[in-house]
Amino acid sequence: MASKKAEIAWVPLESNPEVMNQFIHNLGVSELWGYNDVWGLDEDLLQMVPQPCVALLLLFPITPGYEKFRLEESKKLHETGQPLSDKVYFMKQTIRNACGSIAVLHSLANTMDKIEILEGPLKNFLAKTQSLNPDDRAKTLETSGEIAQAHQATAQGGQTEAPNAEDDIDLHFICFIERDGEIYELDGRKPFPINHGKCTSLLKDGAKVIKQFMERDPDLLQFTVLALAPNQSF
């Protein structure tokens with residue numbers, strides 16, 4: 001009998017700009033760019049985010065209600081279809097607890113025309129996977145020792161004690177980007193990107209979509225938003 005393939009698991013990343021920025025800068029992203037806290041989704045608080053904002057990361061709780069919505073959404077879109085730009089870089093998540101790194105990779109792979117990525121592990125990975133399908137991109141990440149090592153080193157350096165890689169984590173990272181004038185949700189647990197419609201401002205239109213996540217679980221507070229934008233330290 002063939003043995004079952006062992007599950008690959010990574011230590012979860014902390015939703016912390018300092019942690020995320022250490023991760024991407026170690027991978028080769030220019031230090032002129034980084035993740036910034038979004039302190040609130042009201043217009044006055046959104047104005048505090050550095051511009052241009054080229055990607056958003058959302059950390060949110062996975063609940064039974066959300067899981068029901070996710071499955072219903074996928075089924076509906078399978079049946080009705082949706083417009084999807086072939087310029088969107090999307091990959092599946094096959095590594096347990098790697099959603100933070102997947103969201104980061106989604107944010108960077110889809111903004112290479114806006115940010116500078118220097119020679120290094122990230123640039124090599126994106127070049128290698130650019131022409132692959134979402135499943136093969138995930139398989140390539142499973143064997144990318146350099147990215148795994150960078151993730152591991154960063155995950156152990158947060159402000160809170162890092163959980164074990166095998167722990168069940170009920171929080172999940174996803175990414176929002178703009179492509180061809182439309183806003184896309186990129187979640188490696190879903191079968192494909194989700195097109196949320198016309199986008200004139202990623203920050204403002206992304207905030208509207210994120211509010212829908214919050215409205216599905218109004219009694220929960222574990223929502224965190226980060227914006228990929230110019231680094232305020234420069």
Side-chain angles (χ1 to χ4, degrees), residues 10 12-38 49-59 85-95 98-134 136-142 144-155 172-180 183-190 193-194 199 202-203 206 224-234:
W10 289 1
L13 284 183
E14 185 177 287
S15 182
N16 178 327
E18 184 176 345
V19 170
M20 294 290 195
N21 291 337
Q22 178 188 351
F23 179 47
I24 66 172
H25 296 155
N26 286 344
L27 289 177
V29 176
S30 167
E31 293 193 5
L32 294 175
W33 290 84
Y35 296 102
N36 302 264
D37 280 312
V38 178
V49 177
Q51 293 295 322
C53 167
V54 297
L56 292 169
L57 302 187
L58 170 65
L59 180 69
S85 170
D86 58 7
K87 298 177 184 177
V88 174
Y89 180 106
F90 176 70
M91 65 187 300
K92 298 289 188 64
Q93 180 185 340
T94 56
I95 302 172
C99 60
S101 284
I102 299 291
V104 166
L105 291 173
H106 276 146
S107 72
L108 300 173
N110 287 287
T111 56
M112 294 178 64
D113 57 334
K114 300 179 179 70
I115 66 176
E116 182 181 8
I117 301 178
L118 309 175
E119 294 297 331
L122 176 62
K123 192 169 187 177
N124 295 337
F125 176 82
L126 295 179
K128 186 176 182 179
T129 59
Q130 191 65 44
S131 61
L132 300 181
N133 63 42
D136 288 338
R137 287 168 178 164
K139 293 176 183 176
T140 304
L141 182 61
E142 290 179 3
S144 177
E146 290 181 309
I147 293 182
Q149 291 170 10
H151 172 107
Q152 178 72 9
T154 307
H172 184 58
F173 274 106
I174 60 174
C175 172
F176 295 93
I177 56 101
E178 179 274 333
R179 183 63 74 214
D180 293 339
I183 184 169
Y184 285 90
E185 172 193 337
L186 306 177
D187 179 349
R189 294 177 70 231
K190 294 186 176 182
I194 306 298
C199 180
L202 176 62
L203 191 58
T224 303
V225 183
L226 301 176
L228 179 58
N231 194 333
Q232 291 181 300
S233 299
F234 288 82

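With sequence neighbours left out, the side chain to side chain donor-acceptor pair (under 3.5 Å) criterion links K128 to no other residue. Scanning for salt bridge (Lys or Arg N to Asp or Glu O under 4.0 Å) contacts around K92 gives D135, with sequence neighbours left out. Residues passing the side-chain contact (heavy atoms from CB on, under 4.5 Å) test with A150, sequence neighbours excluded: F23, L27. Judged as a side-chain contact (heavy atoms from CB on, under 4.5 Å), and not counting sequence neighbours, the contacts of A227 are V38, V49, C53, L56. In this structure E185 satisfies the salt bridge (Lys or Arg N to Asp or Glu O under 4.0 Å) test together with K190, sequence neighbours excluded. Qualifying side chain to side chain donor-acceptor pair (under 3.5 Å) partners for T129, counting only residues two or more places apart in sequence or in other chains: Y89. In terms of the side chain to side chain donor-acceptor pair (under 3.5 Å) criterion, Q93 has no residue partners (sequence neighbours excluded). Every residue two or more places apart in sequence or in another chain that forms a side-chain contact (heavy atoms from CB on, under 4.5 Å) with S30 is listed here: L32, E116. For N36, the side-chain contact (heavy atoms from CB on, under 4.5 Å) test picks out P50, A229, Q232, with sequence neighbours left out. Annotation: ring pair (Phe, Tyr, Trp, His ring centres under 6.0 Å) contacts of F90 (sequence neighbours excluded): H106. For D37, there are no side chain to side chain donor-acceptor pair (under 3.5 Å) partners at least two apart in sequence or on another chain.
How far NZ of K114 is from CG of L108: 12.5 Å, rounded to the nearest 0.5 Å. Within the model, atoms CG of L57 and OG of S15 stand 8.0 Å from one another, a figure rounded to the nearest 0.5 Å. Distance CG/L141 to CG/L132: 12.0 Å, rounded to 0.5 Å. Between D187 atom CG and I194 atom CD1 the span is 8.0 Å, to the nearest 0.5 Å. In this structure, N124 CG and E146 CD are separated by 6.5 Å, a value rounded to the nearest 0.5 Å. Note that the SG atom of C99 and the CG atom of L13 stand 8.0 Å from one another [nearest 0.5 Å].
Across V54 and I177, no two heavy atoms sit closer than the pair O-CG2, 4.3 Å. Closest of all the heavy-atom pairs between D113 and N110 is OD1-O, 4.1 Å. Across P230 and P52, no two heavy atoms sit closer than the pair CD-O, 3.3 Å. Smallest separation of non-hydrogen atoms from V19 and T154: O-CG2, 3.0 Å. Nearest heavy atom pair, residue I183 against residue C199, reads N-CB, 3.6 Å.
When side chains are defined from C-beta on, N231 counts as touching H25, because their heavy atoms get closer than 4.5 Å. With a 4.5 Å cut-off on side-chain heavy atoms, F176 and L58 count as touching. Counting heavy atoms from C-beta outward, H172 and L59 have side chains that stay 4.5 Å or more apart. Side-chain contact between Q22 and N26: present, with at least one pair of heavy atoms (C-beta onward) separated by less than 4.5 Å. Contact check for Y35 versus N16: no side-chain heavy atoms found under the 4.5 Å cut-off. Counting heavy atoms from C-beta outward, V88 and L186 have side chains that approach closer than 4.5 Å. L126 has its side chain within reach of I117: a pair of non-hydrogen atoms, C-beta onward, lies under 4.5 Å apart. Counting only heavy atoms from C-beta outward, the side chains of K139 and T94 never approach each other to under 4.5 Å.
Side chain of R179 to main chain of S85: no donor-acceptor pair is present (N/O by atom type, distance under 3.5 Å, no hydrogens or angles). The closest donor-acceptor contact from the side chain of R137 to the backbone of M91 lies at 3.5 Å or more, if one exists at all. Checked by atom type and distance alone, the side chain of S101 never pairs as donor or acceptor with a backbone atom of A98 at under 3.5 Å. The backbone N or O of D136 sits less than 3.5 Å from a side-chain atom of T140, completing a donor-acceptor pair.
Sorted by first and then second residue, the ring-ring contact (aromatic ring centres under 6.0 Å, His included) pairs with a member in residues 110-130 form an empty list; sequence neighbours excluded.
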